[in-house]
Amino acid sequence: MTKLKVYNSYTRQKEEFEPMVPGYVGMYVCGPTVSGESHLGHARPFITFDVLYRYLTHMGLKVRYVRNITDAGHFEEEGRAAEDKISKKAHIEMLEPMELVQKYTNLFHWAMKQFNNLDPSIEPTATGHIVEQIEMIRKIISEGYAYEKNGSVYFDVKKYAEKYPYGKLSGRVMDDLLETTRELEGQDEKKNKQDFALWKAAPPEHIMRWNSPWGEGFPGWHIECSAMATKYLGKEFDIHGGGMDLQFPHHESEIAQSTICNNHVPARYWMHNNMITINGKKMGKSYNNVIKLSELFTGNHPLLEQAYHPMAVRFFILQTHYRSTLDFSNDALQAAQKGMKRMWEAYDVLKTFSQSNASAGDAELDARCSNLVDELDEFMNDDMNTAKVLAGMFELVPVINGIRDKHIAADALSGATIQKMQQAFKTYLEDVFGLLDERTASGIDNGKLDGVLQLLIDIRKEAKGRKDFATSDKIRNQLLDLGILLKDEKDGGVSISFA
RNA sequence: GGUCCUGUGGCCGAGUGGCUAGGCAGAGCUCUGCAAAAGCUUCUACAGCAGUUCGAAUCUGCUCGGGACCUCCA
């Protein structure tokens with residue numbers, strides 16, 4: 001079997017993944033800022049890295065997955081009136097800042113549950129790590145790479161760049177940064193405009209504030225991730241993930257801070273997912289084109305033709321490689337929803353196959369299926385190509401359905417191959433991709449309902465037996481109105497599908 | 001303006017120089033009381049121009065689109 005290779009943004013190439021400590025992986029992923037409700041764009045990194053987390057675990061590695069909650073407000077705009085993002089919203093909604101943070105944290109957790117994302121091992125909050133952040137800032141000052149001005153502390157990027165490769169991660173050249181002509185207010189405190197804040201003095205109206213050696217204030221934009229990653233994963237750890245838009249300045253700054261404090265680039269593999277776009281434009285607050293997750297799940301948004309099940313969204317995201325942009329449209333999402341349904345129904349059929357065939361009746365087909373299964377791991381190991389894994393699995397679907405429909409002989413595949421397929425479908429659909437049967441996921445499939453359904457199916461069968469099609473069609477049609485589709489199979493059985 | 005990415009059939013998308021990606025939609029057929037589903041067959045591709053090569057969607061150059069970052073941002 002091939003080894004897992006991942007694209008490392010830091011070196012700009014695919015590299016074989018080797019954990020620092022054999023058997024263990026430390027992974028940090030930038031979590032949400034809980035000053036508002038998560039939207040479709042936010043879903044991507046959390047699903048992408050959830051799949052990576054699951055895959056590493058599946059490989060037998062013990063993963064410590066740290067994903068932070070950013071609950072300390074950052075600037076709306078650099079330098080401008082020092083408005084705290086969270087306190088501003090809190091004022092508008094007449095809420096206590098922490099009440100607001102709690103509200104959106106709960107909503108975020110709810111959305112993660114909907115997507116069937118596993119909980120991270122540790123989910124630290126920025127406000128819970130003020131002490132660690134202050135310590136880190138002190139260290140940077142004592143090393144001579146930060147300076148205090150009017151109660152705020154800034155990182156001296158120019159000085160750092162003289163000794164370290166600032167800009168390496170994001171492909172930025174120091175001279176270009178210096179040339180940026182953009183004039184922003186409040187820059188006068190900085191020695192150079194590419195310097196970034198480690199600590200910001202809080203103006204009187206700012207609600208979120210903490211004591212520090214430099215007066216009352218709040219932490220800067222990037223220090224929380226450095227502090228929390230260091231605390232829980234060490235000075236150097238394996239994987240740091242997040243959206244591509246965080247590469248600069250967020251991750252670049254993290255590298256600078258950690259390099260000064262810990263003498264190390266914090267992570268060995270930097271992984272970045274691409275953006276979700278809508279009509280070709282990145283989904284983001286500043287573009288006014290966001291679809292919130294709650295809107296997506298209810299269909300309550302002008303751009304949405306219908307509600308989309310969280311699992312359909314998950315499938316949609318996995319059908320594209322994580323480093324490609326993914327364009328949202330109703331057609332694309334509906335296609336994903338239908339495709340997933342087809343896949344899942346084939347999986348249900350596959351589960352019923354017996355593994356008792358000693359040998360394959362159709363050696364050629366057997367070999368092809370066996371190869372297809374083997375390739376799935378190769379695809380996954382090639383920088384997590386979930387799109388190719390799904391495509392490979394889709395190639396097996398006609399074979400599975402063919403056996404069910406008896407177009408393909410029941411003994412065409414050997415028991416060993418059947419077992420391999422069953423194992424692979426379970427591994428990928430359930431364990432690695434974290435997909436759930438929509439029925440289970442929406443709670444429709446409880447025991448009582450099953451019993452009622454079975455009763456209706458029996459009555460319909462009896463009606464059909466005496467050619468009372470009026471009754472049988474009534475049952476089928478009315479169930480269909482409820483979103484339950486009965487399908488008469490060739491063997492006289494009935495299968496149930498949820499529209 | 002700078003840096004980088006990208007342009008695949010009706011839609012979404014994968015593609016390591018030579019072999020049908022895949023999904024959804026469309027057409028035909030089979031099966032079926034009728035449906036639905038499924039199976040089989042099938043139609044639309046690699047932005048344009050030039051080059052490298054025996055051979056290019058894949059490499060190079062140019063042109064024209066689109067996008068991201070450079071500011072909070074997943």
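All values below come from the heavy atoms of this structure, side chains included, with hydrogens, waters and symmetry mates left out.
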J.: When we call it a touch if two heavy atoms are under 4.0 Å apart, what does A:Met244 touch: a base, just sugar-phosphate, or nothing?
T.: nothing

J.: Of A:Asp488 and A:Gly402, whose closest RNA chain B nucleotide lies nearer the 5' terminus?
T.: A:Asp488

J.: Please work out if A:Ala332 contacts a base, only the sugar-phosphate, or nothing of the nucleic acid, heavy-atom cut-off 4.0 Å.
T.: sugar-phosphate

J.: Pick base, sugar-phosphate or nothing for A:Met393, based on heavy-atom distances below 4.0 Å to the nucleic acid.
T.: nothing

J.: How many whole angstroms separate atom CD1 of A:Ile317 from atom P of B:rA14?
T.: 14 Å

J.: What distance, rounded to whole Å, do you find between the two C1' atoms, one in B:rU60 and one in B:rU52?
T.: 7 Å

J.: Does any N or O in the side chain of A:Asp383 come within less than 3.5 Å of the main-chain N or O of A:Tyr7, such that one atom is a donor and the other an acceptor?
T.: yes

J.: Distance check, C1' atoms only: B:rC40 and B:rC5, in whole angstrom units.
T.: 41 Å

J.: If I pick the P atom on B:rC43 and the same atom on B:rG2, what distance separates them, to the nearest angstrom?
T.: 47 Å

J.: Looking at the side chain of A:Asp331, which of B:rA74, B:rG33, B:rC11 is the nearest nucleotide?
T.: B:rC11

J.: Of A:Gly284 and A:Tyr287, whose closest RNA chain B nucleotide lies nearer the 5' terminus?
T.: A:Tyr287

J.: So for A:Asp327 and B:rC11, does any side-chain atom that can act as donor or acceptor lie under 3.5 Å from a complementary atom in the base?
T.: no

J.: Determine, step by step, whether A:Tyr28 and A:Arg67 satisfy the side-chain contact (heavy atoms from CB on, under 4.5 Å) criterion, reporting the C-alpha distance in whole Å, the side-chain angles of both residues, the deciding distance to 0.1 Å, and the verdict.
T.: CA-CA 6 Å; A:Tyr28 188 93; A:Arg67 188 184 64 204; over 6 Å; no

J.: I'd like the P distance from B:rG22 over to B:rG9, given in whole Å.
T.: 16 Å

J.: In whole Å, what is the span from the NZ atom of A:Lys193 to the P atom of B:rC70?
T.: 16 Å

J.: Could you work out which one of B:rC24, B:rC72, B:rA74 sits closest to the side chain of A:Asp245?
T.: B:rA74

J.: Is there a donor N/O on one and an acceptor N/O on the other, under 3.5 Å, for the side chain of A:Lys282 and the base of B:rC73?
T.: yes

J.: Which part of the nucleic acid, if any, lies within reach of A:Lys487 when heavy atoms closer than 4.0 Å are counted: base, sugar-phosphate only, or nothing?
T.: base

J.: Between B:rA57 and B:rG1, how far apart are the two P atoms, rounded to whole Å?
T.: 33 Å

J.: Among B:rA38, B:rG67, B:rG33, find the nucleotide with the atom closest to the side chain of A:Lys281.
T.: B:rG67

J.: Side-chain N or O of A:Ser324 less than 4.0 angstrom from OP1 or OP2 on B:rA14?
T.: yes

J.: Can you give the dot-bracket line for RNA chain B, using ( ) for pairs inside the strand, [ ] for pairs that cross earlier ones, | for pairs with another strand and . for unpaired bases, where Watson-Crick and G-U count if both distances are under 3.5 Å?
T.: (((((((..(((.....[...))).(((((.......)))))....(((((..]....))))))))))))....

J.: Return yes if some donor-acceptor pair links the side-chain N/O of A:His301 with the main-chain N/O of A:Val290 below 3.5 Å, else return no.
T.: yes

J.: Under a 4.5 Å cut-off applied to non-hydrogen side-chain atoms, are A:Leu372 and A:Arg368 in contact?
T.: yes

J.: If you compare every side-chain N and O of A:Asn385 against the phosphate oxygens of B:rG15 (OP1, OP2), does one of them come in below 4.0 Å?
T.: yes

J.: What is the distance from CD of A:Gln334 to P of B:rG23, rounded to the nearest Å?
T.: 18 Å

J.: Under the criterion side-chain hydrogen bond (donor to acceptor under 3.5 Å, both in side chains), I'd like the reasoning laid out for A:Asn274 against A:Ser324: C-alpha separation, chi angles, the key distance, then a yes or no.
T.: CA-CA 6 Å; A:Asn274 214 317; A:Ser324 300; over 6 Å; no

J.: May I have the step-by-step check of side-chain hydrogen bond (donor to acceptor under 3.5 Å, both in side chains) for A:His109 and A:Glu123, ending in yes or no?
T.: CA-CA 11 Å; A:His109 285 151; A:Glu123 193 172 49; 2.6 Å; yes

J.: I'd like to know whether the aromatic ring centres of A:His250 and A:Trp221 sit less than 6.0 Å apart in this structure.
T.: no

J.: Between A:Tyr269 and A:Phe17, is the ring centroid distance below 6.0 Å?
T.: yes

J.: Does a side-chain N or O from A:His42 land closer than 4.0 Å to OP1 or OP2 of B:rA74, or not?
T.: yes

J.: From C-beta outward on A:Asp473, which listed nucleotide comes closest to its side chain: B:rA36, B:rG39, B:rG33?
T.: B:rG33

J.: Scan A:Ser170 against the nucleic acid and name what it touches under 4.0 Å (heavy atoms): base, sugar-phosphate only, or nothing.
T.: nothing

J.: Is it the case that A:Lys168 places NZ or CZ above or below the six-membered ring of A:Tyr10, under 6.0 angstrom from the centre and within 45 degrees of the axis?
T.: yes

J.: For B:rG23 and A:Arg342 - does any side-chain N or O of the residue sit under 4.0 Å from the phosphate oxygens OP1/OP2?
T.: yes

J.: Does A:Phe297 have its ring centroid less than 6.0 Å away from the ring centroid of A:Tyr308?
T.: no

J.: Do the side-chain N or O atoms of A:Asn273 get closer than 4.0 angstrom to the phosphate oxygens (OP1, OP2) of B:rA74?
T.: no

J.: Just to be sure I understand the rule, does A:His321 reach a base, reach only the sugar-phosphate, or reach nothing, if contact means heavy atoms closer than 4.0 Å?
T.: sugar-phosphate

J.: Name the atoms and distances for all side-chain donor-acceptor pairs under 3.5 Å in residues 401-410 of chain A, with sequence neighbours left out.
T.:
none

J.: Looking only at atom P, what distance separates B:rG10 and B:rU3, rounded to whole Å?
T.: 36 Å

J.: Answer with base, sugar-phosphate or nothing: what part of the nucleic acid does A:Arg476 contact at a heavy-atom distance below 4.0 Å?
T.: base

J.: Considering only B:rC70, B:rA14, B:rA74, which nucleotide approaches the side chain of A:His39 most closely?
T.: B:rA74

J.: Would you please determine if the base of B:rG33 is stacked by A:Phe469, with stacking meaning a centroid separation under 5.5 angstrom and planes under 30 degrees?
T.: yes

J.: Rounding to an integer number of angstrom, what distance separates B:rC69 and B:rA27 when you compare their C1' atoms?
T.: 46 Å

J.: When rounded to the nearest Å, what value does the distance between P atoms of B:rC19 and B:rG61 take?
T.: 24 Å

J.: Indicate, with a heavy-atom threshold strictly under 4.0 Å, whether A:Leu326 touches base, sugar-phosphate, or nothing.
T.: sugar-phosphate

J.: So what does A:Ser472 touch, heavy atoms closer than 4.0 Å: a base, only the sugar-phosphate, or nothing?
T.: base

J.: Could you tell me the separation between the CD atom of A:Gln319 and the C1' atom of B:rG13, rounded to a whole number of Å?
T.: 8 Å

J.: State which of B:rA38, B:rA74, B:rC72 makes the closest approach to the side chain of A:Arg404.
T.: B:rA38

J.: Select base, sugar-phosphate, or nothing to describe what A:Leu486 touches, counting heavy atoms under 4.0 Å on all strands.
T.: base

J.: Scan A:Gln247 against the nucleic acid and name what it touches under 4.0 Å (heavy atoms): base, sugar-phosphate only, or nothing.
T.: nothing

J.: Nearest to the side chain of A:Lys388, heavy atoms from C-beta on, is which of B:rA21, B:rA74, B:rA14?
T.: B:rA14

J.: Reckon A:Lys464 has a side-chain N or O less than 4.0 Å from the OP1 or OP2 of B:rG33?
T.: no

